[in-house]
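Sequence lines set the chain letters: A, B, ... in the order given, protein chains first and strands last, and positions in each chain run from 1. Atoms considered below: every heavy atom in the structure, side chains included; atoms not considered: hydrogens, waters and symmetry mates.
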Amino acid sequence: MPGPLADRGASGIGHPHSAAEAAQAAARDFPPLSLKVDRISVMYPNGQRALNDASFSLSAGTVCGLVGANGSGKSTLFKSVMGFVNPVSGTVRINGRPVREALKQQLVAYVPQAEEVDWQFPVNVTDVVMMGRYGAMNFLRISRAADHAAVEASLRRVGMWDFRGRQIGELSGGQKKRVFLARALAQGGRVILLDEPFTGVDVQTEEAIITLLRQLADDGCIILVSTHNLGSVPEFCDRAVLLNKTVLASGPVEEVFTEPNLTKAFGGVLRQFHFEHSTIQNHDGRQVRVLTDDERPLVFGKDGHLEYKDRTGREDLVKIRSEEQD
Amino acid sequence: MNNWLLEPLQFPFMRDAMIAGAVVAAMCAMLSCFVILKGWSLMGDAISHAVLPGIVLAYLTGIPLAAGAFASGFTCALATGYIRNNSRVKEDTVLGVVFTGLFAIGLVLHSRTESELHLDHILYGNILGIPPEIFWQVMGAGALVVTAVLIWRRDLMLAAFDPSHARVLGLPVRVLDYGLLSLLVLAVVAALQAVGIVLVIAMLITPGCIAYLWTDRFDRMMLIAVTAAVLSTLTGILVSYHIDGSTGACIVLVQAAVFTLSFLFAPKHGVLLRRLGRAAH
Amino acid sequence: MDTLLVPFHYDYMLRAILVSALIGGVCGLLSAFITLKGWSLMGDALSHAVVPGVAIAYLIGLPFALGAFVTGLLAAVAIAWVKTGSRIREDASIGIVFTSFFALGLLLISLNPARVNLNSIIFGNILGISVPDIKQLVVISVVTVAVTVLKWRDLMLFCFDPGQARTLGIRTGLLHGLLFTLLAATTVAALQTVGALLVVAMLITPGATAYLLTDRFGVMLWLSSALGAVTALAGAYASYFLNGATGGCIVTLQTLVFVVAFLFAPKHGVLAASRKAKRLARMEGETAL
């Protein structure tokens, strides 16, 4: 679905004929994007530390999962990237500039958690997406043709144009998420932060949102997703940041998602299952069924390899593993 | 009917009352949309009580009553915020403690002064006997509040709906919050003249609630709220003239009646029609 | 010295001081539950909603407690109805209902100024309280205290964790009703002392103060009753020297005590908290080195 990029304002609302052209256009309009969190420490007002010496960096075209248990500092990190809290030491830089300047350029967009939103608020879908344009509007927030065009393009891109007149409370969980994503698009956000986007969303919608996030990353955005849903991270993130009051590990998902790292992040929260200690016998073959309340369980193979549920698209990984075995 | 409407209007005091009442109603109704969406109902109630010591002190020191009221209303909001952030007591309890405390201090101060200040007028309003200088104060406050809300209503709405997003967009959310608080205090001070301290809060929530039952769009909500409030206020003043009862009480009761009708019969969010709709399914 | 004893030479003052202390104690007892349950706004609403009931009771010659109780109950039902029947939030529903009730009371009184004394309802009239009214108050107080003392553990569990209470087989609906009834009863009682506008202070401030001073509910109960009784007693006494704004004096005193607790409470006060934060920051600094 290579629709017009909503985030480029009036000039960008042409109709690029291919995704490649769109990507080219994106590269022309924006310098390569980067997000660098450099040794930040954040204190709560009561003197306790929320984050200690946390560092990681991301470049354009990445979907990054921010993973940690409750109270690990996920939301504090989000707030630092959005410029809501001032670290006592360290810096957050977007394109090498302080967050404040990035906010002024409308580079950062935020998709709130479903529970944070008052769904009875008297606004419809168009109103919400139009809010994304407020930063670009004049003092009285009077919308112009360009704003309407951007709203339409964003809504079409997330497939919510037909619902534009609905009051937001009348949408399903997935539709609500898409509306807020459209708002981020209309804003022209390049660093998009999503807070627990998959809670209260069925698996099908989850896939749709993931597809959209991947497309946005391909257009050169940085997508930062905070989640406690471990299993979904390898399926759609390129990179991951593991948090527990500090950054325990960051980098490509395969490198970050190792058993020792996850044990460090979650402590005893995750349960382990060793085949050799279990009642499973050889004649059971290589097949087990995993029942879990998490829609996407995380499965490690021998030697602590991360296992994916589908080998299509990961043929090279399968090859490497079998070569290692030989 | 014509007589019922026109006869009172030949008195200048009634004309003044109707004009002042309409202005107060309009400004309060505009703010009421934000008050109910932000969950600030108790805050409105608290501020309206907390202005009392300010009014008494202003009277004693000879500064404008509105200035004193403004100072003590704001003190209430700030003190509540400070205590809430620095103790484990729940916000609504803190608000209750602070506003009753301030109100009580106001009562004690008033009882200690041999003043001409009519406590009755402050508590229950005195719109039928509104003095000219107060009339013009109300007009000024009304013009200020209405203009400010019209200019900043979208920013205020966004800050109410999704403060995080507003901040990411670079909107000064804190300034907007304090701005709204200031407008609220201003409206309370003006509305005291119409309905008095005790019933101001009705002006600051009922119109918004009425409109909230009729529409799902914010701008329309504001329009409906203002219309409902102005019409109820005018009706209330007329009724109170004819039955010779408390004007503030009549205004609030007419508004309550409009709310009850809306609650029952509003097309989408009313009780009866929703029930009918469910039965039809 | 003699001037300090003057209030005790007048029968009406002595009576006012004692009745205030009684009601202050009872309200303080209940305030422990109200603050924990988060019913502060409900207390405020009730105190306004009882006004038409009192007015009607005076107009037709019924006991004022009865009228107050009936309209208080009606208001509670109306609030619940508006809240569940529409999308309006609880705080706004409460606001609409209690102002409507209060306006009705005000209108009734303004139509019959000669027969009902507005000021005695709004500000209380403890100095001129009649003997039958005192009898009503004593009965209300005794019943409230007795019920609370007997059922305080159930009520505490209900405030703390209604779900757990239900799994234990306790009828939470009944407890809800019970607590509400006690609240209404004490509201009516306090109406006489401090008046409709300040009742809510009697019903939350002692509880909030005690909450800052202790972590044990049992201690909080007697502490808040003691605070309520002592402040009411001292406030009523002081009001003799302050032209008789009894309600204002009592509530001002209660607020002052709250402020002192807020600043100086050993564990939950501001000063203690800032000392603790400083210590933590220092320790953090040391471990960082």
- Quick one: does A:Asn138's side chain get under 4.5 Å of A:Arg144's, heavy atoms only? yes
- Is the closest side-chain heavy-atom distance between A:Met137 and A:Ser143 below 4.5 Å? yes
- Message: If I measure from the heavy atoms of chain B, does A:Arg100 come under 4.5 Å with its side chain, its backbone, both, or neither?
- Response: neither
- Would you say the side chain of A:Asn95 lies within less than 4.5 Å of the side chain of A:Leu107, judging by non-hydrogen atoms? yes
- Query: For A:Arg164, does its backbone N or O pair with a side-chain atom of A:Thr126 as donor and acceptor, under 3.5 Å?
  - Reply: yes
- Under 3.5 Å, side chain of A:Ser80 to main-chain N/O of A:Thr76, donor-acceptor pair present? yes
- Item | Region of A:Ala109 that comes under 4.5 Å of a non-hydrogen atom in chain B | backbone
- At a heavy-atom separation under 4.5 Å, does A:Gln105 approach chain B through its side chain, its backbone, both, or neither? neither
- Task: Count the heavy-atom pairs under 4.5 Å between each of A:Asp118, A:Asn124, A:Val99 and chain B, then report the option with the highest count.
- Result: A:Asn124
- Taking the side chain as C-beta and beyond, is there a heavy-atom pair between B:Thr233 and B:Val24 under 4.5 Å? no
- residues 29-49 of chain B vs chain A, non-hydrogen distance cutoff under 4.5 Å, contacting residues -> B:Leu37
- Chi angles and distances behind the side chain to side chain contact (heavy atoms under 4.5 Å, CB included) call for A:Leu140, B:Trp152: CA-CA 7 Å; A:Leu140 290 175; B:Trp152 282 293; over 6 Å; no
- Note on the structure: Filtered by a 4.5 Å non-hydrogen cutoff, the part of residues 76-95 of chain B contacting chain A is none
- Message: Are A:Cys64 and A:Val241 packed together at the side-chain level, in the sense that at least one heavy-atom pair is separated by less than 4.5 angstrom?
- Response: yes
- Side chain, backbone, both or neither of A:Val128 within contact of chain B (heavy atoms, under 4.5 Å): side chain
- Message: Please classify the contact between A:Leu193 and chain B as side chain, backbone, both or neither, with a heavy-atom cut-off of under 4.5 Å.
- Response: neither
- Based on non-hydrogen pairs under 4.5 Å, which of A:Val111, A:Leu103, A:Ile168, A:Val117 is most in contact with chain B? A:Leu103
- Short side-chain to backbone donor-acceptor contact, A:Gln187 and A:Val108, under 3.5 Å: yes
- Query: Do side-chain atoms of A:Thr62 reach the backbone of A:Ile222 as a donor and acceptor pair under 3.5 angstrom?
  - Reply: no
- Per-residue contact mode, B:Ala166 against chain A (heavy atom under 4.5 angstrom): neither
- Message: Quick one, A:Phe56 with A:Leu58, criterion side chain to side chain contact (heavy atoms under 4.5 Å, CB included). Give me CA distance, side-chain angles, the key distance, then yes/no.
- Response: CA-CA 7 Å; A:Phe56 67 94; A:Leu58 299 171; 3.8 Å; yes
- Item | Residue among A:Pro122, A:Gly83, A:Gly132 with most heavy-atom pairs under 4.5 Å to chain B | A:Pro122
- Message: Tell me whether A:Lys79 contacts the main-chain N or O of A:Phe84 through its side chain, where contact means a donor paired with an acceptor under 3.5 Å.
- Response: no
- Query: Are side-chain heavy atoms of A:Val42 and A:Arg49 found at a separation under 4.5 Å?
  - Reply: no
- Item | Qualifying side-chain hydrogen bond (donor to acceptor under 3.5 Å, both in side chains) pairs with a residue from residues 203-220 of chain B, counting only residues at least two apart or across chains | A:Asp127-B:Arg217, B:Arg153-B:Asp219, B:Trp214-B:Ser262, B:Asp216-B:Lys268, B:Asp216-B:His269, B:Asp216-C:Arg87
- Query: Are B:Met222 and B:Val149 close enough that some pair of their side-chain heavy atoms sits under 4.5 Å apart?
  - Reply: yes
- Item | A:Tyr44 atom OH, over 12 foreign heavy atoms within 6.0 Å | yes
- Stepwise ring-ring contact (aromatic ring centres under 6.0 Å, His included) test for A:Trp119 and A:Phe180: CA-CA 12 Å; A:Trp119 296 109; A:Phe180 279 88; 5.7 Å; yes
- Task: Against chain B, label A:Val123 side chain, backbone, both or neither, depending on which of its atoms sit under 4.5 Å from a heavy atom there.
- Result: both
- In residues 167-175 of chain B, which residues are in contact with chain A at a heavy-atom separation under 4.5 Å? B:Arg167, B:Val168, B:Leu169, B:Leu171
- Based on non-hydrogen pairs under 4.5 Å, which of A:Glu116, A:Arg183, A:Lys104, A:Gln120 is most in contact with chain B? A:Arg183
- Query: Has A:Lys176 got more than 12 heavy atoms of other residues, nucleotides or ligands less than 6.0 Å from its NZ?
  - Reply: yes
